[in-house]
Amino acid sequence: MKNYEIESLSKFNTVGFRNDLISWFEKEQRELPWRKDQDPYKVWVSEIMLQQTRVETVIPYFNRFIEWFPTLEDFAEADEEKILKAWEGLGYYSRVRNLHSAVKEVCETYNGMVPDTPEAISKLKGVGPYTAGAVLSIAYGKPEPAVDGNVMRVLSRILLIEEDIAKPRTRKIFEEAVRELIDHGNASFFNQALMELGALICTPGVPACLLCPVREHCVAFGEGVQAQLPVKTKKKKSRAVQLVAAILTNNQGDLLIHKRPANGLLANLWEFPNFEIHNQLLPKREVFQQQFLDAYGAKPEIGEVITKIDHVFSHLVWNVDTFAGKLDESIDQQVLDKHHLKWVSQQEIQDYAFSVSHQKMFAAYTSGTGI
DNA sequence: GAACCGTGGAG
DNA sequence: TCTCCAAGGTT
């Protein structure tokens, strides 16, 4: 049953479209590290990394990841600190924790074989409808749709679909379209070709239609409306959060770091002690001192601001005033453990995964000059 | 369904 | 500077 009839699909030259699309892909596809073989583990890792992330960004992370964890078993056995370090700077860190959990599940429940059915693979943590279809088609050749932003943009133009692609329910319309169009003999190339076309030719804004291998099939191009598609409503703007942070040293020159909670923003990553500023009545230095004292029972000496950081997340902004300071009085080990605090040397700090915002603070601290 | 969850690059 | 975005998923 379908609740949306795609007008142009009845008289659409499906076979011609498939052939033109796949022929183009065979000739023009980029050489990418995850295309060297069809190891389901590597395909899976690449698809998770590529979620909301550009190919050029992913390439070095993928190569290092496979060096560190060549097989599914290697990754399953890795500790949490190491997997977060492998993901440091990539963003959306729940991806790697979910992947780790799912890979361990595959080792225990599926004897180390990545599932090859939609039902089984979709139950794995972090594997949604797109990733399920991508792994099934690319690694196993199964004719399952893998509808991402590229596919929705490309098909919205080819088939002149004007549904709002920002709405979750719209994805189902495109999945139905792909089920009609997909090449059952080469689902892997068909799905990859749709995405590659979206990345290289059928781009947002003004697409390169003169270079497009399937423009004769494209309804939007025929009507000259390709630049108006896809229809996508805007997201609302993010809120700002004021923070005060400090890089604190003790008498041995060690640095105080804090492990973030297991859930929420930047979960399980390390950071320098920081607090949210709710009301701006006191100088920020004193806000930090007071909050630190209330939280941990010690009062640091705080120097000058070493850097002001505006860090943009997907749905909020941090404005962080960062100080350098000293903490002469020692904090009891039990208190450190309870609050997930730790003293580390400047050498040891390299082994801990930090968010980019805190890497910026540390860079300002080590460069000494600040600002 | 809307909000949450990162980052860096392009226009 | 600002907006949008890039191979989404979870709650």
Side-chain angles (χ1 to χ4, degrees), chain A residues 25 29-30 32-35 42-62 84 87-99 101-102 121-139 145-154 164-172 174-175 178 188 191-200 202-206 230 232-239 241 260-269 271 309-318 353-360:
Chain A
F25 180 72
Q29 66 168 296
R30 291 168 290 182
L32 300 172
W34 46 89
R35 287 180 175 164
K42 293 182 200 166
V43 172
W44 185 9
V45 170
S46 72
E47 291 302 338
I48 299 297
M49 283 191 173
L50 285 162
Q51 290 171 6
Q52 301 292 286
T53 312
R54 289 185 154 74
V55 165
E56 313 83 67
T57 303
V58 167
I59 289 171
Y61 279 93
F62 178 84
L84 282 175
W87 217 264
E88 184 183 46
L90 249 193
Y92 290 136
Y93 299 95
S94 68
R95 290 184 294 175
V96 74
R97 291 185 298 115
N98 288 336
L99 180 63
S101 167
I121 201 169
S122 298
K123 285 183 182 139
L124 299 171
K125 280 186 185 169
V127 178
Y130 164 76
T131 304
V135 175
L136 291 173
S137 61
I138 297 172
V147 175
D148 70 338
N150 283 314
V151 173
M152 288 198 282
R153 182 175 59 257
V154 169
D164 181 1
I165 67 166
K167 295 194 181 307
R169 65 193 315 172
T170 303
R171 195 195 69 252
K172 294 188 180 66
F174 289 93
E175 285 177 347
V178 171
S188 171
N191 278 342
Q192 291 187 75
L194 273 183
M195 293 187 276
E196 195 82 340
L197 189 70
L200 301 180
C202 196
T203 51
V206 182
K232 185 177 187 182
T233 53
K234 308 192 215 307
K235 59 163 178 127
K236 50 187 248 187
K237 67 172 183 182
S238 50
R239 65 189 172 90
V241 175
R260 294 178 61 87
N263 294 308
L265 186 67
L266 305 173
N268 286 348
L269 267 66
E271 64 183 5
I309 291 167
D310 297 320
H311 190 77
V312 180
F313 296 90
S314 49
H315 62 296
L316 62 87
V317 180
W318 275 359
F354 286 76
S355 80
V356 169
S357 50
H358 286 267
Q359 291 176 43
K360 290 178 188 168

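Quick note on labels: first sequence line is chain A, next is B, and so on, each numbered from 1.
One can place CZ of A:Arg260 at 13 Å from C1' of B:dC4, the figure rounded to the nearest angstrom. If you measure from atom CG of A:Leu316 to atom C1' of B:dC5, you get 9 Å, rounded to the nearest angstrom. Residue A:Lys167 contributes atom NZ, which lies 10 Å from atom C1' of B:dA2 at whole-angstrom precision. Taking atom OH of A:Tyr61 as the reference point, atom C1' of B:dG8 lies 10 Å away to the nearest angstrom. Atoms OH (A:Tyr92) and C1' (C:dT11) sit 15 Å apart, rounded to a whole Å. Counting to the nearest Å, the P atom of C:dT10 and the OH atom of A:Tyr130 are 14 Å from each other. Rounded to whole Å, atom P of C:dA6 lies 22 Å from atom CZ of A:Phe62. The CZ-P distance, from A:Phe313 to B:dC4, rounds to 13 Å in whole Å.
A:Val312 comes within 4.0 angstrom of a nucleotide base, judged by non-hydrogen atoms across all strands. Nucleic acid contact class of A:Arg30 (heavy atoms, under 4.0 Å, all strands): base. Heavy atoms of A:Gly264 sit under 4.0 angstrom from primed sugar atoms or phosphate atoms, though from no base atom. At a threshold of 4.0 angstrom between heavy atoms, the contacts of A:Pro204 are confined to the sugar-phosphate backbone, with no base atom among them. Across all strands shown, A:Gly89 has heavy atoms under 4.0 Å from sugar-phosphate atoms exclusively, and none from any base. Here A:Ser46 lies out of heavy-atom contact (under 4.0 Å) with every strand. The residue A:Trp318 sits apart from the nucleic acid: no heavy atom pair falls under 4.0 Å. Across all strands, A:Leu32 comes closer than 4.0 Å to base atoms (heavy-atom distances). As judged by a 4.0 angstrom heavy-atom cut-off over every strand, A:Val58 is placed among residues making no nucleic acid contact.
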side-chain contact (heavy atoms from CB on, under 4.5 Å) between A:Trp318 and A:Leu265, intermediate numbers included
CA-CA 12 Å; A:Trp318 275 359; A:Leu265 186 67; 3.7 Å; yes
Dump the intermediate steps for side-chain contact (heavy atoms from CB on, under 4.5 Å) on A:Gln51 and A:Tyr92, then the final yes or no.
CA-CA 9 Å; A:Gln51 290 171 6; A:Tyr92 290 136; over 6 Å; no
Going through the checks in order, is the side-chain contact (heavy atoms from CB on, under 4.5 Å) test met by A:Leu90 and A:Met49?
CA-CA 8 Å; A:Leu90 249 193; A:Met49 283 191 173; 4.0 Å; yes
Determine, stepwise, if the pair A:Val178 / A:Asn191 fulfils side-chain contact (heavy atoms from CB on, under 4.5 Å).
CA-CA 9 Å; A:Val178 171; A:Asn191 278 342; 4.1 Å; yes
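Ring geometry for A:Trp34 against A:Phe62 counts as perpendicular: the plane angle is over 60°, on a 0 to 90° scale with 30° as the lower cut. Ring pair A:His311/A:Phe313 is perpendicular by interplanar angle, where above 60° counts as perpendicular and below 30° as parallel.
Contact annotation: A:Lys232 side-chain N/O to C:dC5 OP1/OP2 distance is under 4.0 Å. Using a 4.0 Å cut-off, some side-chain N or O of A:Arg153 falls inside it from OP1 or OP2 of C:dA6. OP1 or OP2 of B:dA3 lies within a sub-4.0 Å distance of a side-chain N or O belonging to A:Lys236. The phosphate of B:dT7 (OP1 or OP2) has a side-chain N or O of A:His311 nearer than 4.0 angstrom.
If you check B:dC4, C:dG8, B:dG6 against the side chain of A:His315, the one that comes closest is B:dC4. Taking every side-chain heavy atom of A:Leu265 into account, B:dG6 is the closest of B:dG8, B:dG6, C:dG8. Candidate nucleotides C:dC5, B:dC5, C:dT10 were compared by shortest atom distance to the side chain of A:Ser314, and B:dC5 ranks first. Which of C:dG9, B:dC5, B:dT7 sits closest to the side chain of A:Thr131 comes down to C:dG9. Nearest nucleotide to the A:Asn98 side chain, out of C:dC5, C:dT10, B:dT7: C:dT10. When distances are taken from the side chain of A:Arg54 to each of C:dG8, C:dC5, B:dT7, the shortest belongs to C:dC5.
Looking at which nucleotide of DNA chain C each of A:Ile48 and A:Lys234 is closest to, the 5′-most match is held by A:Lys234. Closest-nucleotide positions on DNA chain B for A:Glu56 and A:Tyr93 were compared, and the one nearer the 5' end corresponds to A:Tyr93. Mapped onto DNA chain C by nearest heavy atom, A:Leu124 and A:Leu50 fall at different nucleotides, with A:Leu50 at the one closer to the 5' end. Residues A:Pro168 and A:Leu269 both approach DNA chain B. Their nearest nucleotides, taken by heavy-atom distance, put A:Pro168 toward the 5′ side.
With P as the reference atom, C:dT11 and B:dG6 are 14 Å apart, rounded to whole Å. Nucleotides B:dC5 and C:dA6 are separated by 23 Å at their P atoms, to the nearest Å.
A donor-acceptor contact shorter than 3.5 Å links the side chain of A:Thr170 to the backbone of A:Asp164. At least one donor-acceptor pair under 3.5 Å links the side chain of A:Glu196 to the backbone N or O of A:Arg30.
One N or O donor and one acceptor, one from the side chain of A:Thr53 and one from the base of B:dG6, sit under 3.5 Å apart.
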